Asker: 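My structure is below; once you've seen it, I'll send some questions.
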Amino acid sequence: MNTENIRVRFAPSPTGYLHVGGARTALFNYLFAKAAGGKFLLRIEDTDRTRFQEDSLNEIFESLKWLGLDWDEGASVGGDFGPYVQSERLTLYKEHAEKLLADGSAYKCFCTSERLEQVRKEKELRKEQHGGYDRKCRDLSAEEVNENIDSGMPYVVRLKAPLDGSISFEDMIRGIIETPVNMVDDTVLLKTDGFPTYHLASVVDDHFMKISHVMRGDEWIASTPRHVLLYKAFGWEMPVFAHLPVILSPTGGKLSKRKGAASVMDYKKAGYLPEALFNFLTLLGWNPGDDREIMTVSEIIASFSAKKISSKPAVFDEQKLEWMNGQYMETYPAEKLAEEVIPLWRERGLSVDDTEYAAGVVRLLQVRSKRVTELAETADYFFKDPTGYDEKQAGKQLKEAVKPALDKLTAELPAIKWEREDIEGTIDSVAASLEMSAGKIKPALRLAVTGVGGGPDLLDMLLHLGKDCSVRRIKNASDYIG
RNA sequence: GUCCCCAUCGUCUAGCCUGGCCUAGGACAUCGCCCUUUCGAGGCGACGACUGGGGUUCGAAUCCCCAUGGGGACGCCA
């Protein structure tokens, strides 16, 4: 296969948000295209008017872009094979349904939804819930068909599936999959409202958009025989199919909204970095063939191979995502992180007006923060004096014994140069003069300055907070003791 | 119910195609120790898996069959 002609697509339907399972499918398509020097397209499958949601499209675009999955061709960016929105291609589907009708590969069916429902119920009662439609209209005579049409009966177009034998296709990651034909019913191709079903629309579009590889979720495996039938009926060359394993929730079953944050944007809101989610999702069902885990996009692309895609479903382990995000937090450019955090700080009511100071805060906290939101929530003391002290820590550290030290520091610190060595030297000399160890004073200083027990290096904090602020807080702590 | 897919530590996985190098490797989580003025940070270490049963073979995590378990499909949804 000429790699120039590798073309893959992600084809979501605008029925809601983009969840991580869908994002992973998009991601693998993206990686496959980039690794092969091919094209990644985005097609919108909006053929179900009842489930359409207006703002869904924006959410999907936004999610993909946030993750860095930019498409070369498709909805909102255009290309030579558009339109890329199925509701704008209705006549094409209709023409092709007509074609199948004309050569006997499909037929018109006048059964009502009510009758279909009835048939399903009866089958269920008899415990033979398979095979689908009972093919009542399959052998209607031309007269009957005309009569029905003349009397204005609505109809659907159904595929005339073979009655015996089996259908097989080769899946890129699973090998040959063979399905007995009795599992393939006479699927609806064109609905009464003139819209195509997924089966017709995706086959027609994949053909005309010159899609070389169809990579999609493995819930489509069972439908693929129908698609094979359609390709044969049209006389078209089939794309290569690759069915990706689903992502499971830690509690078992498909990952869903109900089982925790499942949409891409939810993860953004929870404070995850796009690079980390990207990296994490990549490793859900794929590996580079060695022990690398933290990898840049270009490293991933360089070592991406569809052969390494696993065929078994993976559980979405949020703890590992969090760890990975922490790895990205550590090395993320502070200025860039600050852009994310400053709005969150402001939301908490902190006044942040010096972006350079803010970036400095980020530098001090990013190493020990796993999520952007965590960083946002643990930085209050950099912007306002502590309003209280952690009770447990205060009981231990802010005792009578350290008060003299705090007082002495309050007195001596204002006179020194606010540099690391000078501060540390002052602390040491104060400690020595009181016959205490510096190790006794430092935890108290930390508490005085931040109000809490943990955090960045004490000296780093004092330096960043500045002299006036530090001294003021130390005095406050001394007053607190009594 | 019928059909399809899948099966290595709790989780993500390497190894499986091309049997021996596997007393099964890495990562997350957990636990312990160390470092540190503190810490959800860092360092070191421990715990921990080939679903079961048959076969093939000198030899099976690796190949075959069955069972079991999990997932999916069975819509005028995608």
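Chain letters run A, B, ... following the sequence lines, proteins first and then strands; every chain starts at 1. These numbers come from a predicted model, not from an experiment.
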Asker: Where the side chain of A:Y198 is concerned, which of B:rC6, B:rA78, B:rC12 is the nearest nucleotide?
Answerer: B:rA78

Asker: To the side chain of A:R158, which of B:rC28, B:rA41, B:rC76 is closest?
Answerer: B:rC76

Asker: Once you round it to whole Å, what is the distance between P of B:rC9 and NZ of A:K312?
Answerer: 7 Å

Asker: Give none if B:rA60 has no partner; otherwise give the nucleotide forming a Watson-Crick or G-U wobble pair with it, both distances under 3.5 Å.
Answerer: none

Asker: Under 6.0 Å from the six-membered ring centre of A:Y133 and within 45° of its axis: does the NZ or CZ of A:R158 meet both?
Answerer: yes

Asker: Give me the atom names and distance for the closest heavy-atom approach of A:I176 to A:S168.
Answerer: CG2-CB, 4.2 Å

Asker: Using a 4.0 Å heavy-atom cut-off across all strands, classify A:E178 as base, sugar-phosphate, or nothing.
Answerer: sugar-phosphate

Asker: Only pairs with both distances under 3.5 Å count, Watson-Crick or wobble alike; so what is the partner of B:rA49 in this structure?
Answerer: none

Asker: CG of A:L364 versus P of B:rG40: gap in Å, rounded?
Answerer: 18 Å

Asker: Whole angstroms only, please: what is the CD-C1' distance between A:Q118 and B:rG75?
Answerer: 16 Å

Asker: Which one is paired to B:rC3, where only Watson-Crick or G-U wobble pairs with both distances under 3.5 angstrom count?
Answerer: B:rG72

Asker: So how far is it from A:S87 OG to A:E45 CD, rounded to the nearest 0.5 Å?
Answerer: 11.0 Å

Asker: Watson-Crick or G-U wobble partner for B:rC28, using a 3.5 Å limit on both distances?
Answerer: B:rG10

Asker: Pick base, sugar-phosphate or nothing for A:T192, based on heavy-atom distances below 4.0 Å to the nucleic acid.
Answerer: base

Asker: So, under a plain 3.5 Å distance rule, would you say the side chain of A:K320 forms a donor-acceptor pair with the base of B:rA27?
Answerer: yes

Asker: For a quick test of reading the model, state the closest non-hydrogen atom pair linking A:I173 to A:A306 and the distance between them.
Answerer: CG2-O, 3.7 Å

Asker: Find the distance A:F241:CZ to B:rC4:P and express it as a whole number of Å.
Answerer: 18 Å

Asker: With hydrogens left out and only the distance checked, is there a donor-acceptor pair under 3.5 Å joining A:R368's side chain and the base of B:rC39?
Answerer: yes

Asker: On RNA chain B, check which nucleotide each of A:G455 and A:V246 is closest to and give me the residue with the more 5' one.
Answerer: A:G455

Asker: Tell me the partner of B:rC35, counting only Watson-Crick (N1-N3 plus N6-O4 or O6-N4) or G-U wobble (N1-O2 and O6-N3) with both under 3.5 Å; none if nothing fits.
Answerer: none

Asker: Among the nucleotides B:rU38, B:rG72, B:rC6, which one has an atom lying closest to any side-chain atom of A:P313?
Answerer: B:rC6

Asker: Looking only at the side chain of A:R120 (C-beta and beyond, no hydrogens), which of the listed nucleotides B:rC77, B:rC28, B:rC76 gets closest?
Answerer: B:rC76

Asker: Whom does B:rC77 pair with, Watson-Crick or G-U wobble, provided both distances fall under 3.5 Å?
Answerer: none

Asker: Just call it for A:C111: base, sugar-phosphate, or nothing, with non-hydrogen atoms closer than 4.0 Å on any strand.
Answerer: base

